[in-house]
Amino acid sequence: MNSESIVVRTAYRAGALDGISVSIPPTTVSGGAPLFPRVLGADRLRLKSAAAIGQFAHLVYEVLPASE
């Protein structure tokens, strides 16, 4: 697990994560670590905006609270 995943997972578990901003370049990689930790599934993310910034896609997600 990479250090970014550890930071996101720790902030998420502490209830301190309310949003995520990601810039994606137009390249592909054949392998690597997941972008988000497994505890933060797609059902917990709501896309708030998407924009082209140069050759990058800039995505902003809201992190939804856990349902009880």
Side-chain angles (χ1 to χ4, degrees):
M1 181 175 305
N2 61 36
S3 60
E4 292 83 2
S5 292
I6 293 169
V7 171
V8 170
R9 184 177 63 196
T10 302
Y12 169 75
R13 288 184 175 161
L17 188 65
D18 62 358
I20 297 174
S21 178
V22 181
S23 290
I24 302 171
T27 60
T28 59
V29 181
S30 62
L35 183 59
F36 303 122
R38 287 182 216 163
V39 297
L40 186 56
D43 61 328
R44 300 289 312 286
L45 299 174
R46 178 182 298 146
L47 182 63
K48 299 300 284 182
S49 67
I53 301 176
Q55 290 295 93
F56 288 76
H58 183 76
L59 310 173
V60 177
Y61 290 93
E62 175 185 6
V63 177
L64 304 174
S67 58
E68 304 204 19

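This one's a predicted model, so the numbers in the text were calculated from it and none came from an experiment.
- Connection of V22 to I53 is not established within any shared hydrophobic cluster, with ILVMFWY side chains joined at heavy-atom distances below 4.5 Å, either directly or through further cluster members.
- Here the straight-line distance linking atom OG of S21 with atom CG of L59 works out to 8.0 Å at 0.5 Å rounding.
- E62 CD to L17 CG: the interatomic distance, rounded to the nearest 0.5 Å, is 11.0 Å.
- Q55 and P26 get closest at one heavy-atom pair: O-CD, 3.2 Å.
- The hydrophobic cluster containing Y12 also contains L47, counting ILVMFWY residues as joined when their side-chain heavy atoms lie under 4.5 angstrom apart, directly or transitively.
- Side chains of V60 and I20 form no contact here, defined as non-hydrogen atoms less than 4.5 Å apart.
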